[in-house]
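Just so you know, these numbers come straight off a predicted model, no measurement behind them.
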Amino acid sequence: MSSAQRPHRVLILGGGFAGVMTAQALERRLGKRRDVEIWLVSRDNFMLFTPLLPEVCSGVLEPRHVVMPLRGMLHHQSTWCITADVEAIDTQGHVVTVMGGDGDPHRLQYDTLVLALGGITHTFGIPGLEEHAVGMKTLADAFGLRNRVIEMLERAELEDDPRIRQADLTFVVGGAGLSGVETAGELEDFVRRVRRHYYPKIGEGDIHTYLVELKNEVLAELPPEMGAFARQRLERRGFEVRLGTPIREVREAEVVIGEGEVIPTRTVVWTGGVRPAPMVARSGVEVDHAGRVKTRPTMETSRSTAFAIGDCAVIPNVEDPDGRPFAPTAQNAVREAKRLAANIVARIDGRPLSPYRYRTIGTLASIGHHTGVGVVFGIRVRGWIAWFMWRGYYWSRVPGINRKVRVGLDWVLTALFGTDPVQLKVEDASSALGSTGRRRAPVRDRDTSD
Ligand SMILES: Cc1cc2nc3c(=O)[nH]c(=O)nc-3n(C[C@H](O)[C@H](O)[C@H](O)COP(=O)(O)OP(=O)(O)OC[C@H]3O[C@@H](n4cnc5c(N)ncnc54)[C@H](O)[C@@H]3O)c2cc1C
């Protein structure tokens, strides 16, 4: 079928906040229109609600409750969810090649493209980081970190050698931004609780926790006194906070920081950087020095048929006197998506596009132990009230009543019964009985959704 005969196809790459919210906003705008179809490609068939990820690591929330099935979020008859890896993007030829679970490459043609591939953990070339550290970006990361921590506690109970035992019981978080501090808070909460109830041979003083940050402040996203409050609370709970200190090298059982200080540890959590999905820099649109897609305030890229949004894009803020772009946050991605959907429909209908404008409501962070910090509508909040606001806000943002109820129940049940150190060693069960692996087949053209 030629593109002149079929509906106008909007192809969205990425099933995170930016991609899914764009698809949802498009569905709402298009209503019963049949002249436009939406195809959404993502690696996973779910959307991950990242703000609650650290609570998966601590076992407060069940992993399945912080992800939402894409097929349950998108309902339009003309929407097609494709679970596949994006392998190549040709913005000149209007074709994207994806690799599905069948192992076959498929070529998807489009009329309008949305790049919403987000970011990946940036290791800055620090030796050993990729091999030995754990990230905090995906569900697998959170699950992996939880298992690693439990593994260390189990090993330490058996270990006689004090040096090895110290490495087992030392936990280092690299990066003291929002996700680093939230991860550190949850990690410490979890270790403290399970040690007390389940590991009688491990004393409170045997556990060592570090928060290492290159900048000279904790929570640089917030006013300095909020960061200072977070630091003081973490130190009170036993964290050694090292500011202005780079991580130099990560080895199997130690990490080198600052001027060569060696900390024995088998658990380094890295939250110190995110870079755009490498695929976008190879798509033929203009990118900045960091590889993020440069857009206009309307989210148009250097190719007129391609838009970019979310963490993989750098979108100028027309209201910022210094022209600084919007921060890569879920809060922005959700708002950008509404404007982008309006702009895509305007482009299809031949109307002018409008710039994305948004003034942030504020920022909140949970630092564990029922404590939070933040700024809301310019008002600084901290302590229990900030933590409560953090929970209330993110609970209200969890998509769908189904997941809202599950998350709410998890919180209540954890408050009543606590958390435990069950270590689920889940491998990919689908390959357990000898799968034949992926076939390679000729590239197929996909021009229709049937
Ligand atoms: C631990 C943590 C806590 C956070 N807390 C907050 C918070 O409290 N508030 C806030 O506003 N922000 C928070 N953020 C930031 C927020 O998660 C991001 O800004 C947001 O997810 C960006 O959305 P996105 O859709 O652009 O990217 P992503 O969410 O990264 O989504 C990108 C999607 O593209 C898919 N993808 C990537 N490459 C390919 C490929 N080659 N093929 C197929 N699919 C691909 C990915 O699987 C993913 O589904 C947090 C982030 C983390 C990691």
Side-chain angles (χ1 to χ4, degrees), residues 53-63 128 131-136 140-174 180-212 232-242 247 250-257 261-271 366-371 410-411 413-427:
L53 199 54
E55 294 200 67
V56 171
C57 167
S58 60
V60 170
L61 295 176
E62 288 300 325
E131 295 87 331
H132 303 299
V134 189
M136 184 46 70
D141 288 340
F143 213 68
L145 175 57
R146 176 182 164 79
N147 275 348
R148 168 94 64 114
V149 171
I150 297 168
E151 177 79 31
M152 292 303 116
L153 295 170
E154 298 289 351
R155 283 165 69 148
E157 278 240 322
L158 268 182
E159 189 56 63
D160 296 324
D161 184 324
R163 268 192 62 82
I164 298 178
R165 198 165 189 268
Q166 193 186 345
D168 289 345
L169 294 176
T170 301
F171 304 98
V172 178
V173 177
V181 167
E182 290 187 347
T183 303
E186 284 299 319
L187 184 72
E188 191 275 335
D189 245 6
F190 174 65
V191 172
R192 182 177 43 79
R193 283 190 212 185
V194 295
R195 183 206 63 77
R196 204 169 52 219
H197 293 294
Y198 300 97
Y199 296 93
K201 291 189 178 5
I202 301 174
E204 196 179 345
D206 296 342
I207 310 262
H208 301 277
T209 45
Y210 291 81
L211 181 63
V212 183
Q232 180 226 332
R233 284 303 171 101
L234 289 170
E235 283 177 339
R236 202 190 283 176
R237 283 156 53 190
F239 264 94
E240 288 204 33
V241 180
R242 301 291 172 81
I247 288 187
V250 184
R251 302 179 190 139
E252 198 184 337
E254 58 192 20
V255 57
V256 185
I257 64 167
E261 181 186 354
V262 177
I263 301 171
T265 179
R266 287 182 185 278
T267 310
V268 175
V269 192
W270 177 245
T271 68
S366 159
I367 55 176
H369 222 121
H370 302 156
T371 308
D410 278 354
W411 281 339
L413 294 174
T414 307
L416 288 176
F417 303 115
T419 182
D420 60 54
V422 168
Q423 186 190 21
L424 293 175
K425 294 178 180 170
V426 185
E427 302 292 332

Point-to-point distance, once rounded to the nearest 0.5 Å, from CD of E186 to CG of L53 | 10.5 Å

Minimum-distance pair of heavy atoms, taken over all atoms of P54 and E182 |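 Of all heavy-atom pairs spanning P54 and E182, the closest is CB-O, 4.0 Å.
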
Checking side-chain contact (heavy atoms from CB on, under 4.5 Å) for the pair V194/D420: CA distance, chi angles, key distance, verdict?
-> CA-CA 6 Å; V194 295; D420 60 54; 5.6 Å; no

Atom pair OG1/CE of T267 and M152 - distance to nearest 0.5 Å |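 The OG1 atom of T267 sits 5.0 Å away from the CE atom of M152.
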
Check salt bridge (charged side-chain N to carboxylate O under 4.0 Å, His left out) between E159 and all other residues, then give those that pass, not counting sequence neighbours.
-> none

Any side-chain heavy atom of V173 sitting closer than 4.5 Å to one from Y210?
->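 No, too far: nothing below the 4.5 Å cut-off.
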
Is there a side-chain contact between C57 and F190 (heavy atoms, below 4.5 Å)?
->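 Of all side-chain heavy-atom pairs linking F190 with C57, none is under 4.5 Å.
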
Listed by chain and number, what are the salt bridge (charged side-chain N to carboxylate O under 4.0 Å, His left out) partners of R237, not counting sequence neighbours?
->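 Salt bridge (charged side-chain N to carboxylate O under 4.0 Å, His left out) list for R237, sorted by chain: E188.
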
Which pair of heavy atoms, one from L211 and one from A184, lies closest together, and at what distance?
-> CD1-CB, 4.3 Å

In short, F143 meets L424 closest at the heavy-atom pair CE2-O, 3.7 Å

Do R165 and I202 have side-chain heavy atoms sitting under 4.5 Å apart?
-> yes

Partners meeting ring pair (Phe, Tyr, Trp, His ring centres under 6.0 Å) with H370 (sequence neighbours left out) |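 Counting only residues at least two positions away or on another chain, H370 forms a ring pair (Phe, Tyr, Trp, His ring centres under 6.0 Å) with W387.
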
Please examine the side chains of M136 and L145, heavy atoms only from C-beta on, and report whether any two atoms are closer than 4.5 Å.
-> yes

Exceeds 12 heavy-atom contacts within 6.0 angstrom, atom CD of E131 = yes

Is the side chain of D206 donor-acceptor paired with the backbone N or O of G203 at a distance under 3.5 Å, no angle test?
->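 Flag set: sc D206 to bb G203 pair under 3.5 Å.
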
Between P421 and I150, which heavy-atom pair has the shortest distance, and what is it?
-> O-CG2, 3.4 Å

Reported CD1-to-CD1 distance for the pair I247 and I257, which is rounded to 0.5 angstrom | 7.5 Å

Lys/Arg-Asp/Glu bridge criterion (N-O < 4.0 Å) met for R251, E254 |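 A salt bridge is present here (some side-chain N lies under 4.0 Å from a carboxylate O).
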
Do the charged groups of R193 and D189 touch, with an N to O distance under 4.0 Å?
-> yes

Distance (rounded to the nearest 0.5 Å) between W270 CH2 and T183 OG1 | 12.5 Å

Okay, side chain of R146, backbone of V422: is any donor-acceptor separation there less than 3.5 Å?
->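 Confirmed, R146 side chain pairs with V422 backbone.
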
With V172, the side chain to side chain contact (heavy atoms under 4.5 Å, CB included) member among I263, V269, V250 | I263

With distance as the sole test, does T265 use its side chain to make a donor-acceptor pair with the main-chain N or O of T170 at under 3.5 Å?
->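 Answer holds: yes.
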
Check against side-chain hydrogen bond (donor to acceptor under 3.5 Å, both in side chains), Q423 and E151 = CA-CA 8 Å; Q423 186 190 21; E151 177 79 31; 2.9 Å; yes

R196: what forms a salt bridge (charged side-chain N to carboxylate O under 4.0 Å, His left out) with it, not counting sequence neighbours?
->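 Applying salt bridge (charged side-chain N to carboxylate O under 4.0 Å, His left out) to R196 gives none.
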
Atom pair CZ/OH of R195 and Y199 - distance to nearest 0.5 Å =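 It is 12.0 Å, given to the nearest 0.5 Å.
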
Not counting sequence neighbours, list each pair that qualifies as a salt bridge (Lys or Arg N to Asp or Glu O under 4.0 Å) and has a residue in residues 261-270.
-> D168-R266, R242-E261, E252-R266

Which heavy-atom pair separates A167 from A253 by the least distance, and what is that distance?
->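 Shortest heavy-atom contact: CB-O, 3.9 Å.
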
Between T414 and D410, is there a donor-acceptor pair closer than 3.5 Å when you use the side chain of the first and the backbone of the second?
-> yes

Go through the structure and list residues passing salt bridge (charged side-chain N to carboxylate O under 4.0 Å, His left out) with E55, not counting sequence neighbours.
-> R391

From CG (L234) to OG1 (T209), nearest 0.5 Å |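 Answer for the CG-OG1 pair, L234 versus T209, is 8.5 Å.
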
